[in-house]
Amino acid sequence: MIMNFYKKNYDIIVIGAGHAGCEAALAAARMGCTTLLLTIDMDKIAAMPCSPSIGGMAKGQLVKEIDALGGQMAKASDASAIQYRTLNTRKGPAVHSTRTQNDKVIYSKQMKSVLEKTPGLDLKQAMVESLILEDNQVKGIIDQTGFEYEAVSVVITTGTFLQGMVHIGASRIEAGRTGEFASIGLARNLAELDLNMGRMKTGTPPRLHADSIDFSQFDIHGADTIPKPFSFSTRKISNPMLPSFMGNTNPGTHEIIRQNLKHSALYGGHIKGKSARYCPSFEDKIVKFPDRESHHVILEYEGLDSKEIYASGLGNSMPLEIQYQIVRSVRGLEQAQIMRPAYAIEYDYVNPLELTPGLEVKRTPGLFLAGQINGTSGYEEAGAQGLWAGVNAACRVQKREPFVLDRSQAYMGVMVDDLVTRGTQEPYRMFTSRAEYRLLLREDNADLRLSQIGYDYGLIDKEQLDLCKEILFQTKKEITRVKTTVIKPDKAVNTFLADHKTNPITTGIKLEQLLKRAQLTYEALKQISPPQNPIKKRAQNQVEIEIKYEGYIQRQLNEIKKFKDLEKIRIPMNFDYTHIHGLSNELREKLGLIQPKSLGQASRTDGITPAAISVLMVAISAYQKNKES
């Protein structure tokens, strides 16, 4: 008799090998768990179906944090980068964000190679049909052929594949991405778990043939002349850098959209899923911003050896014949050939209020969700959730406390807290404005913040931890020197100050006060007061930021103390909110659904008031006293 189950039992099974799945599988395996990663198509691992880029505003911070915790996204980005840009450089360091343009084929190959070489990680091609459950706990999965794999924990990272539906005008195709199968059986299986699910919509612009574009009609889109690696461990950038180009739509382009809105899948009534406000399709821009005479069109190469050009800004769900009219109405694209049409895609997601802060389904122990299945958008948000879920799946296997970073520790902590506390009714995107402690959660210090945690969970090695400790030690020592060193007035000093267009000094002044002047940098001040021993460039950068922004940093540290005080007040598991007087029925229902772990998490529930927090504090105290007595 032929057995229909795989004899090798796994600790963890990860479903889906997109950006979330890759990070989840790698994290679990690096923590010592036997891990199986299943994907519908082995040739599409870590694919970039939306845009050939990694990072961006706030997203760059997420990638740096993934890297600090031993993840792969930043390393794969450096291996495939064909352009680097640092965003928001005219603003303070809190909002500086890295973005790379990438060769999508190299990125995918790089990630696949790492997965295949990781000890304890098996990679297999299969379409998962359903979960195996016993007493509502996960025990494994069944694939489309009826083959079974057993595991203690399962992480679902299905991206846009859950009942995915591609829309091009009136054409509707069941697909996870154009040309790829949708996951139908697993979507139905999840619906049977009585989870609160919904539909969301995203899309992608057309890809154009480079030889059919008149690039002389576009402006060169700025990039960093001296690229800085994404990963803290990257020492060399080897790929040649390619330009990107910026142009504009025009009133004629917009008129084509207006005349054909009825043919749009989005406005023709074919799409029911919720669209992202922050990344609207071209039709959305024309309808919602009718007074705008033009919108940016950015052209990016999809790879070093590819003629495909990604036409950012022209994403739509029109029929192909109308897409040609739209594209060719743009100056420089009059003869453009569409290699792949734009399309919109709808897919199922699970309301993240169904999840614990560890991204585990509350009613189904052992089942974890990460990425777009949780209602988020973006490779970076997916990768961060994947690492988070993979670590927590491993923690469950190893009977360790869940891995949870709070809002004061990381951008990914902000994102997960937002999701599991507030839920989302539209595709969630990370922004710097969501992080209230963003001055402390910078790109430049991600590894310094998180390396000890990464090491404690077995995600990074001792060498990486020691390097971070050395930078922190040098930073602390040099800050002490800067704060205690007195610069006395003399001709050389005042000539230096005059050369840097800042006021001379007439009495002794602390070096710290000079560094706080906008015209002066740490690097410049080394000319008049160098450190006794050379210190690492990164430590110098930390010194400058901490001195210049000291007042703001101290204010945020004080705010964090108040935040931590609320987080320390734990709420008992399955706490009953139904009989608490002073709370509205709506709040009782919300808190009962969310089941916040602390008073701090409860305070971030939509609709909560200071008065309600006071009521909750009294109720929790009374509950604990009754329990003790």
Side-chain angles (χ1 to χ4, degrees), residues 16-26 37 39-56 59-60 62-64 66-67 70-86 98-118 121 123 125 157 159 177-180 204-205 207-211 221 223-224 226-245 298-312 339-340 371 378-380 382-384 386-387:
H19 301 279
C22 290
E23 297 294 352
L26 287 169
L37 176 58
T39 177
I40 293 173
D41 187 345
M42 294 271 281
D43 296 323
K44 296 292 178 64
I45 287 170
M48 292 177 148
C50 182
S51 70
S53 66
I54 295 291
K59 293 169 178 282
L62 286 174
V63 178
K64 291 280 191 178
I66 293 169
D67 188 60
Q72 202 63 31
M73 181 172 275
K75 298 178 182 67
S77 185
D78 284 332
S80 60
I82 54 179
Q83 186 191 96
Y84 285 82
R85 292 183 68 210
T86 305
T98 302
R99 181 189 187 274
T100 56
Q101 186 178 322
N102 298 82
D103 184 310
K104 60 198 297 184
V105 174
I106 296 176
Y107 188 97
S108 179
K109 286 183 177 179
Q110 171 72 13
M111 194 66 82
K112 184 171 185 282
S113 174
V114 171
L115 292 167
E116 290 172 339
K117 295 173 183 175
T118 298
L121 174 57
L123 180 60
Q125 183 166 297
T157 67
R177 292 186 290 253
T178 184
E180 299 178 65
T204 190
R207 269 59 167 185
L208 312 178
H209 197 293
D211 292 347
H221 196 36
D224 295 347
I226 303 176
K228 296 177 184 177
F230 225 144
S231 172
F232 293 107
S233 63
T234 299
R235 296 293 170 257
K236 184 180 179 182
I237 297 168
S238 55
N239 291 330
M241 298 291 105
L242 297 182
S244 54
F245 304 86
I298 300 175
L299 306 181
E300 295 180 301
Y301 284 94
E302 296 230 323
L304 292 169
D305 298 317
S306 174
K307 289 289 187 179
E308 284 191 73
I309 298 292
Y310 174 83
S312 177
M339 298 179 74
R340 304 188 201 213
Y379 309 148
E380 304 79 10
L387 184 144

**Message:** If you compare all heavy atoms of Glu23 against all heavy atoms of Gly71, which two are closest, and at what distance to 0.1 Å?
**Reply:** OE1-CA, 3.3 Å
**Derivation and outcome, side chain to side chain donor-acceptor pair (under 3.5 Å), residues Asn239 and Ser80** = CA-CA 7 Å; Asn239 291 330; Ser80 60; 5.9 Å; no
**Complete:** Of all heavy-atom pairs linking Met241 and Tyr84, the shortest is SD-CD1, 3.9 Å
**Request:** Calculate, to the nearest 0.5 Å, the distance between atoms OG and CD belonging to Ser51 and Gln101 respectively.
**Result:** 9.5 Å
**Message:** Please check this pair: side chain of Ser108 against backbone of Ala46, looking for a donor-acceptor N/O pair closer than 3.5 Å.
**Reply:** no
**Request:** Return yes if some donor-acceptor pair links the side-chain N/O of Lys104 with the main-chain N/O of Met48 below 3.5 Å, else return no.
**Result:** yes
**Request:** Evaluate the side-chain proximity of Tyr310 to Ser244: yes if any heavy-atom separation is below 4.5 Å, no if none is.
**Result:** no
**Any Met73 side-chain heavy atom under 4.5 Å of Tyr379 side chain** = yes
**Message:** Applying side chain to side chain donor-acceptor pair (under 3.5 Å) to Lys117 and Ser113, what does each step give before you reach the verdict?
**Reply:** CA-CA 6 Å; Lys117 295 173 183 175; Ser113 174; 3.2 Å; yes
**Item:** With sequence neighbours excluded, residues passing salt bridge (Lys or Arg N to Asp or Glu O under 4.0 Å) with Glu180
**Value:** Lys44, Arg177
**Asked** In Å, rounded to the nearest 0.5 Å, how long is the span from CD of Glu302 to CG of Asp103?
**Response** 9.5 Å
**Message:** side chain to side chain contact (heavy atoms under 4.5 Å, CB included) for Ile82 and Ile106? Distances and angles first, verdict last.
**Reply:** CA-CA 10 Å; Ile82 54 179; Ile106 296 176; over 6 Å; no
**Request:** To the nearest 0.5 Å, tell me how far Gln125 CD sits from Met42 CE.
**Result:** 6.5 Å
**Request:** Tell me, yes or no, whether the heavy-atom count around Asp305 atom CG, taken from other residues, nucleotides or ligands under 6.0 Å, exceeds 12.
**Result:** no
**Fill in**
Closest heavy-atom pair, Ile237 versus Pro227, reported as atoms and distance to 0.1 Å, is CD1-CB, 3.6 Å
**Item:** Minimum side-chain heavy-atom gap Ile309-Tyr301 below 4.5 Å
**Value:** yes
**Message:** Just to verify, what does Leu121 make a side-chain contact (heavy atoms from CB on, under 4.5 Å) with, not counting sequence neighbours?
**Reply:** Ala25, Leu26, Ala29, Thr35, Leu37, Leu115, Thr118
**Item:** Distance, nearest 0.5 Å, that separates CE of Met339 from NE2 of His209
**Value:** 5.0 Å
**Leu123 side chain reached by Glu116 side chain, heavy atoms, under 4.5 Å** = yes
**Asked** Quick one: does NZ or CZ of Lys64 land under 6.0 Å from the six-membered ring centre of Phe232, within 45 degrees of the ring axis?
**Response** yes
**Item:** Closest contact, heavy atoms only, Ala17 versus Thr39
**Value:** CB-CB, 3.6 Å
**Item:** Note: Arg85-Glu300 ion pair, threshold 4.0 Å (strictly below)
**Value:** no
**Asked** Which heavy atom in Ala76 sits nearest to a heavy atom in Met111, and how many Å separate them?
**Response** CB-CE, 4.1 Å
**Request:** Taking all non-hydrogen atoms of both residues into account, name the closest pair between Gln72 and Gln110 and its distance.
**Result:** NE2-NE2, 4.4 Å
**Asked** Do Ile54 and Tyr107 touch side chain to side chain, with heavy atoms closer than 4.5 Å?
**Response** yes
**Asked** To the nearest 0.5 Å, how far apart are CG in Asn102 and CG in Leu304?
**Response** 10.0 Å
**Request:** Please confirm whether the backbone N or O of Ser231 pairs with a side-chain atom of Asp78, one donor and one acceptor, at under 3.5 Å?
**Result:** yes
**Request:** Compare all side-chain heavy atoms of Thr178 with those of Arg340 and state whether any distance is below 4.5 angstrom.
**Result:** no
**Message:** Keeping Thr98 on the side-chain end and Gly60 on the backbone end, is there a donor-acceptor pair under 3.5 Å?
**Reply:** no
